[in-house]
Structure formats: C-alpha cells, structure tokens
Amino acid sequence: MFYFDHAASTPINREAYDILCKSLELDFANPASKHKLGTDLSKKIQRAREDILFALNLTDSNILFTSSATESNNHVIKNYSKLGRVLYYKMDHPSVTNSVDDKGVGLKLKDNLADFLDDSICLVVLTLVNPQSGLVIDIESLAKQVKDFNPKIRVLVDAAQAIGKIDFDFSKNSQLFDYINIAGHKIGGPRGIACLVYKKNDKTLAPLLEGGGHEDGLRSSTPSTALILSLSCALVLAVKNIKQQTAKVSLQRLKLEECLLNAHPNISLPFKEQSTSPYIIAVLFKGIPSDVILRHLEMKKVFVSSTTACSSKIKGYNPMLDALGIEEMYHKNILRVSLGFSTTEEDIVGFIHAFNQVINEIKFLIKK
Amino acid sequence: MFTTIIINVDELWLKGKNRKTYSDALRKHVRDILSSYLETKWTIRNDQQRFVCDCAEGFNDAVIARLCDIPGLHSVLKVRKCEKDLDKAVNLVLADLKLRTDISTFKVQSKRVDKSFPTQSRELNLHFGGAILKNTHLKVDVHNPDIIVEVKILNEHIYLSWEKHYGIGGLPVNTSGHVVTLISGGFDSPVASYLMSRRGCKQTFAFFYAYPYVGEEVKEKIVKMCQILAKFQNGAKLYVLPFGNIQNFISTECYEEYRTLFFRKYMMDVSSKLADKIKGEAILMGDSLAQVSSQTLHNMAALDKSCDKLVLRPLLGNNKLDIIALSKKIGTHDTSIIPHDDACALFAPKHPITKPKMEYFNKFMEKFPCTELIEECIENAEVFSFNNRLMVKDNKFTKN
C-alpha cells in the first residue's frame, strides 16, 4: 500500500501509539477524582499541557483539549459570532466556513483583507496552511493588518496542516495570534484529540458543553488521559524533528512533482510557483475527473484525495477551489497528493510507477 | 384499528379457465406480505373471488400501504364485520360516521351477494341512507360524495366499509414470466420496472457498475432504488455487475462514436447470459424512443438483431415529463435525482452514432465476442437480496 492522503489523516507514530496503549490500560481513573489515582492523572495531563506549550514556545498561553480541530474552530467561532461578525476565507476548512453564521464575511485568496475590516468584525480566522492547495498563507502580515486596524479584533489561526510541518514561530509575535488550532491526527497522534491554544487572560471563551466544569470550565467532559498524553508525545516529536523531516519530504516532493509533470501534458501544478507546504501537492489534470484517477490509483493500492476529505461529497462547483482562484470547469479535476512523516522512498517509487500506469490506461478519456 | 380487510383482485374478470392461477399467485403474495409484517395470528380465505383477512390485533396503515403495492391487487377495503342483523349494522355505521367531522357528504352502495337475504340492494341503500341522514350531519351526494359507504351482504356476515385504498392493479407477480431488468440511476429504468411489475413480471435487477470510472456512491444509490422497486415484487435480487473492464476494452477497440452503442450491446449480452442463469425469458430496459442518441430506432434495431432474448421497452412511447411524473407517483423520483458520477457521460463520444453501419457493427461483434469478459462479469457480481420488508438480506460476493 502506498498512502498519499496524510493531509486527511496520517498514521500514528510508534511512540505516541505505545503511550496511548499503555495509558489506556493503566490510566483508567477519572482525572477529576479526588483520590490519588485521579490527582496523579490530573498532574500527568497538566504536564502534557506544559510540554505542548513548551514545544511551541508559548508558555504564556493555555491549552484547551478538544475532540477535534473542527470542535476547536466551532468553539471559537460560535463564541465570537455572538459578539459581532466573523471574517474568514472561503478556501478554509469546512469546520470554519460552515460554522460561521449568516453575518460572517467570506474572502477569496485574492481579496485584500484590509478592505473588509470594519468595526463590526470581532474575529478573523486565518489558515496557516491551506488544506486543499498546501498554500502557506502569510498570516503574520494579515494578523498585523488586523491588529493595526483594531487590536481588539481577535485572530484564530487554524494550524492543523502546519504544526510540525512548516517552520513557523508563533512565539515571535505571539500577541498577534489569540487562538491556535492544532489536530492530533495530522501529526502522528491519535484521532479524537486536538488542542486549542489560547491566551491565559482570555475572558471571551464560554463553554459549548456544560457539565462537571472540566478544562477550567471551558469543556465539560471527562478528559481522555490516554489521548492527551499521546497527542502531547506526537506534537513534541513533530516539532523536534521538523528540520530533518522537512528536508526529507521536500526531496520526495520534488521527485513526485517531476513525475506528475512528465506523466501527461494535461497535468499541471497550479500552486507550484507560490509558497506551499512540502507536504501537500495539488494536481490539476485537464480532461479527466480526479475521482476517476483516485479510484484507478486505489485499485493499485495507491491512496490520494480528490478534494479535502470532509468535502469530497461535493460534486461540480467547489467554493474552496473557487476561492483559491481555480476556474469552475476544473473543480472536478483537482487531485491532492499529500505526504507525511512516514512516507518512504519505496512509497515514492510505488506512486510514480502506479501513476504512470494509470495515466496510460485512462488517457483515452481525454476529449480532443 | 380494523380487524378485517377485504382484498379485491384486479383484472380477474378478464381471465377464463386460468383464473385460479392468477388468484392463487396474488393470494400467495398477500400471504407473504402479511407473514412478514404481522406478528400475531391472522387468517385469509377466499370469498366470492375476494380475499377476506382477519387479524385480532388489527391491520395498521403500514401493512395496508404495503398491500396496495402488490401487483394484481385492485383495492383493500377496511371492514367492520357484523352479524346479519340490519339494526346492528346501521348502529355500527352511525357510531363511526358521527365522529367524522372532516367530511360532509356521503353515498351508500349496497350489494347483496347472498341472494337469499330478504332485503334487496335498492332497499338496503334507502335503509342505510335514511338512517345516516337522520342521525348525522352528513348530506347525500350521489355524484361526488366525500365517502362511499359500502354495504355487502355476504354468506355469513354483513361487511360495512367506507375506507377503500386502491392498489396498483394489473397482474400478480410471477404470472407473466421472469425478466432481467437493467437499472441505471436515472428516471426511466425504475419506471419501466414498475410498469412490468404491474404486468406480472418477476424481475431480477441488473446494474452495470463501472468502477473505477464511477464510485461506490452510485452502487449505494442503486441498492436504494432497488429497495423501492422491490415493493412491487415478492422478494427480489440485484446483481451488481462489474463492467469497468469491458468498457475499457470496448473503448480501446472500437471507433469512438460507436462506444455507447457497444456498451449497450455488451450490457445486453451480459443480461442475456444472466437471464439464462436465472431462467429468465426477456430483458427489460427503460428506453424511450430517440430520447438520447443511443435510443434511436436504428440503434435499437441493431441491438435487438444481435440479442437472443426478447427485449421489453415499455417506455418507448412516453415523453420525459410523463416518465418523471410517474416516478414521483411510485416513489423513485427522489432517489433518481440524487447526483452521482455517470460513466456514460465520461465515455460519451463527441458525435455518437445514431445510424450504425451494420457491416462494422457485425464485424466488431464477430471479432470480439468477449465471452470471457462476459463470464467474468457475471461470476464476479455482487448480489443483494431484498425481502418483503425491503431489507437487504446479504451482500456478500458470490462466486456462484
């Protein structure tokens, strides 16, 4: 099997897996319990929180553990929607675009953010690495524009595709970013756990779920010790290995890009000239729907994505691709090939071999 | 809840000595439906060419609705059963009608099946009509009444009913042979299937699955569609036939403009082989004359000349809007409009042939009989079975 859908979900790494299994077996107590078993787990969770903040060099912030990056985005956006309007980009993940209410302001990539700022805006959502195209967005300059206009406007950064994958230092201008969203299963951690980094003095976030008042009253639900410890391990490792991983993946990406461009003249890489994450390649194949390529590759045990996994049911017009500047006639022709920490040389060779075979098999479908 | 229902058989009056065959087939279907829906004891008996069903727990609306889907069934009457005493019968009618504030007019229709009963039909009408007029708010309207109160004097009881549910009529399933029905995701083939169910055809559904050119969601849609069509069958099977390889082969070997025609040709060949396997006599398709280029008279003539089975095309003379209207009526419309990938559109030639050159057509078939690919297609079919509760019973790969 050759897996190239790491941007959707990537395999859990060995260390995170071991911690997960061990903790699932041993850490059965409720971390909110008053007895020693409970308080010990509560301390472990606290340490995990600190480890993550230390790895990100954001020790002045706090962490809210959630079940997914989707939940984290919803948590922030739904809270701010009550206070005013939310500004976001239409090419963001559906957990952003679908949780914004009717008052929200949706921008396209080419839009000038400053033109849309006004007094009614209370939150701006920025995505550091676009999940569909891999584009690295200059969130620093955008956040600066926001804060220059009105420092009271809060900035949420969806960093699900970025943490541990591109070298971005949130601590450098940490006052620009009020919330940072991180997902476990994109960085070699388990699914079902994510975390939201927020400022210690934050007074705006209110809980979505009421109950026992866990997570400083922000999310009532018995915390999953095992998932939290495993996420922390994966994140710390990802951040630690970033340089070495980026170097490896960048080389692999070059090989893939060369193969893709040589496979057929109708193939192009629409974002190649822009700054992109080495982990995501968006491929445009004029004349053949990406779903057809996806399934042909699947038959050869190669797994890619046709649009981001959450929106792949959409047929035809795709608002994410539209916002990225892709013409509507090509919305069904975009394939996403995404690499991960565990991608090997054999994977690359396997992909190249299968891809060339598939293109040979189906090129007759291209209408002249 | 009504504890008795009477089931009227459609078109039985057209039949002669073979009447019992049709009546028995319908009775079997009714029995099968009742067995799968009723959990308590129930009975069915013939009474003057009708079926009378009794169930102490009563027949709920869901069961009645399912009965109305049975081909060959004219109507289901919800009945109050009464001993042969006119006063008691009148009181039963009044008790129910007094509560009906939703209606304002009525008409009485009496039938004296037991000719030894002293009161004649006309007198019965007057007797019941007078009592209703006197004791309820209802007025008589013989032309367009809100309800018709039916009084039937049978051999042992008086049956009273004012709720009649019409079925789809036609002939009972399994009395007109077994056909292989080609199902696609559109409007036409499900409607064609319904029409032939109504004419008593047992059907085995065949779907040509063009994976990897189309995705799993198309298969899910077809399973859903056949679940609806199985309402008009007494249990049915769906063969999902992997067709991607054959399409690939045809596309590389034939002239581009002949692609769609040859896809159909080999679909019919596979269907014919499947018909042999399941002992079917014909192939059923949803073509409407000249609706699309592959449905021209010339193309259909070419295809039928090379097919060894009778091909039924009940929609040939229907307009698209009529077909869509019927699909709404039979409940397939909302499934038909679910968007899905279409392999035909993907392979569609720029200029599809409408008048094939028979020399090329015949030569191609002679050169490429595709016997192995066709066998493979049937052998690797995924088979789904639908029972009378319309549940998918199994969907494992069968190597037959």
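What you are looking at is a predicted structure, and each value in this text was computed from that prediction instead of being measured. Each chain gets a letter, A, B and so on, in the order the sequences are listed, and its residues count up from 1.
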Trainee: Heavy-atom count around B:K221 NZ within 6.0 Å, excluding the residue itself: above 12?
Mentor: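 Atom NZ in B:K221 is packed in, count exceeds 12.
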Trainee: Is it the case that atom NZ in B:K367 sees more than 12 heavy atoms from other parts of the structure closer than 6.0 Å?
Mentor: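 It does not: B:K367 NZ has 12 such atoms or fewer within range.
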Trainee: Is it true that atom NZ of B:K320 has more than 12 heavy atoms of other residues, nucleotides or ligands lying nearer than 6.0 Å?
Mentor: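 More than 12 heavy atoms, drawn from other residues, nucleotides or ligands, come within 6.0 Å of this atom.
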Trainee: Does A:K300 have more than 12 heavy atoms from other residues, nucleotides or ligands lying within 6.0 Å of its NZ?
Mentor: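 Atom NZ in A:K300 is crowded, with more than 12 foreign heavy atoms closer than 6.0 Å.
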Trainee: Inspect the surroundings of OH in B:Y360 and state if more than 12 heavy atoms from other residues, nucleotides or ligands are less than 6.0 Å away.
Mentor: yes
Trainee: Counting only heavy atoms not in A:Q274 (residues, nucleotides, ligands), do more than 12 fall under 6.0 Å from its CD?
Mentor: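 Yes, the 6.0 Å shell around CD holds more than 12 heavy atoms from other groups.
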Trainee: Let me confirm one number: the CG-CD1 distance from B:N248 to A:I362, rounded to the nearest 0.5 Å.
Mentor: 9.5 Å
Trainee: Tell me the residues of residues 206-215 of chain B whose non-hydrogen atoms fall below 4.5 Å from those of chain A, in number order.
Mentor: B:Y211, B:P212, B:Y213, B:V214, B:G215
Trainee: What's the separation between atom CD in B:E217 and atom CG in A:D291, rounded to the nearest 0.5 Å?
Mentor: 7.0 Å
Trainee: Are there more than 12 heavy atoms of other residues, nucleotides or ligands under 6.0 Å from atom OH of A:Y17?
Mentor: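 It does not: A:Y17 OH has 12 such atoms or fewer within range.
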Trainee: With a 4.5 angstrom heavy-atom cut-off, which part of A:L294 approaches chain B: side chain, backbone, both or neither?
Mentor: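 Answer is neither: A:L294 stays 4.5 Å or more from chain B.
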